[in-house]
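Encoded as structure tokens, the structure appears first; notes follow it.
The sequence lines fix the lettering, A, B, ..., with proteins before strands; numbering per chain opens at 1.
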Amino acid sequence: MPRAAGSRLTIRPPRDYLLRRDLCSYGYFLLEPNHWDPATRQFRRVLDTGRRSVSVSIEQPSGVRGGTLVVRAAGALSEPERAAVRRDVARMLNLHEPAETIAEFHRLDPRWRRAGRGRLFRSPTLFEDVIKTVTSCNVAWPSTINMNRRLCEVVGRGGAFPTAERLADCRPQLLRARCGVGYRDARIVGLARMFADGRIVPEAIEDPALPDDRLREILIEWPGIGPYAAANIMQLLGRYAHLPLDTESVRHGRTVLGFRGGSRAVMRRIERHFAPFAHHKFRSYWFELWDFYERRRGKSWTWEKRTTGSTFTASQLK
DNA sequence: GGTAGACCTGGACGC
DNA sequence: GCGTCCAGGTCTACC
């Protein structure tokens, strides 16, 4: 990325924020258009600012907790574009979450205090998080990787993740034929149209005043969103009191926690096991799962996208 | 409320 | 190289 002619922004993150650890904290960091370079510890992706796509990189040159984040964009940015980049980066990195919240989590579950784990990566928009969740349902991880890559290549502007408006204009058959989304085609277009025509208002969904139970009811009504997807979208919204339990969870319950019985019984035991972590429940569950991956594949910020990053799920590690 | 089967893709496996 | 089997969460029909 040419630096001389580009724009440079600096962001002061919360005092505990460590880019390599907190960005490489959830599988979506491995999905297009996201790209983490383990060698340079630099994150790159294309953002759609509304009028055009912009390639950005994020670094933390000091490499220490709380160190200033440097965001570079290829080319000059207008003021509205700079604001859009700042907003998108802040959402991806969950920078609004104060250090005190993470400290509270560590008091509840001290296992992660030393490493400092507590923050989770997500997408710059709710829409991208929802579509990424749909592409992760009923499919093995390599297929999720392919679907997201092709969505960016075929529908996204300049390599960005497609906006709701662009996906809403697609025929389901195009997504099936060229993006490999299979039967998810109509559900993805349906969701995109709901976002694009205002039936789904992200600000309303992201309103902290909306009770968890009501939010879950709303999400379950959306096409392609069932109990697992709803709970996953909720954690991406920073609501960590619900566990998105899937076959990966059942494997974890059996192999790591030693639970016995059928899938439903194991899931019920997992729920009970993590209940004491209350509104931080998902963090405890997720970092336990993440620790399992890292013990076998090394620290997540060392994972190469095309090798380790495509085979890190528990089904590949049995 | 619970359950069975279809949905689609891609990897694993056997030949 | 080809065919078959299987994993994976949601949706619908049915009991």
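For the pair A/Asn146 CG and B/dC8 C1', the computed distance is 13 Å after rounding to whole Å. With rounding to whole Å, A/Ile145 atom CD1 is found 12 Å from B/dG10 atom P. Following rounding to the nearest Å, A/Trp141 (CH2) and C/dG9 (P) show an atom-to-atom distance of 13 Å. Note: CG (A/Asp185) to P (B/dT9) measures 9 Å, nearest angstrom. Remark: C1' of C/dG9 and CE of A/Met147 are 11 Å apart, rounded to the nearest angstrom. The distance between atom CD1 of A/Ile131 and atom P of C/dG9, rounded to the nearest whole Å, is 18 Å. Summarising the geometry, the separation between CZ on A/Arg184 and P on B/dA6 is reported as 17 Å, rounded to the nearest angstrom.
Of the listed nucleotides (B/dT9, B/dT3, B/dG10), B/dT9 has the atom at the smallest distance from the side chain of A/Arg176.
With respect to A/Glu217 and A/Arg214, a salt bridge is recorded, a charged nitrogen being found less than 4.0 Å from a carboxylate O. Taking 4.0 Å as the cut-off between side-chain N and carboxylate O, A/Glu206 and A/Arg91 count as a salt-bridged pair. Under a 4.0 Å N-O distance rule, the pair A/Asp109/A/Arg117 does not qualify as a salt bridge. In this structure, A/Asp291 pairs ionically with A/Arg295, as a charged nitrogen and a carboxylate oxygen lie closer than 4.0 Å. Between A/Glu128 and A/Arg45 there is a salt bridge, since a side-chain N of the basic residue sits under 4.0 Å from a carboxylate O of the acidic one. A salt bridge does not link A/Glu271 to A/Arg268: none of the charged side-chain nitrogens sits closer than 4.0 Å to a carboxylate oxygen. Salt bridge annotation for A/Arg216-A/Glu221: absent, with no cationic side-chain nitrogen under 4.0 angstrom from a carboxylate oxygen. Remark: A/Arg178 does not engage A/Glu153 in a salt bridge, criterion side-chain N to carboxylate O under 4.0 Å.
Two end axes, each from the C1' atoms of five base pairs, can be drawn for the helix from B/dG1-C/dC15 to B/dC15-C/dG1; they diverge by 30°, to 10 degrees.
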Which letter, B, S or -, goes with each nucleotide of nucleotides 10-15 of chain C from 5' to 3', with contact meaning a protein heavy atom under 4.0 Å? SS----

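Nearest approach of A/Phe161 to A/Asn148, heavy atoms of both residues: CE1-OD1, 3.4 Å.
The shortest distance between the side-chain N/O atoms of A/Thr247 and the OP1/OP2 oxygens of C/dG9 is below 4.0 Å.
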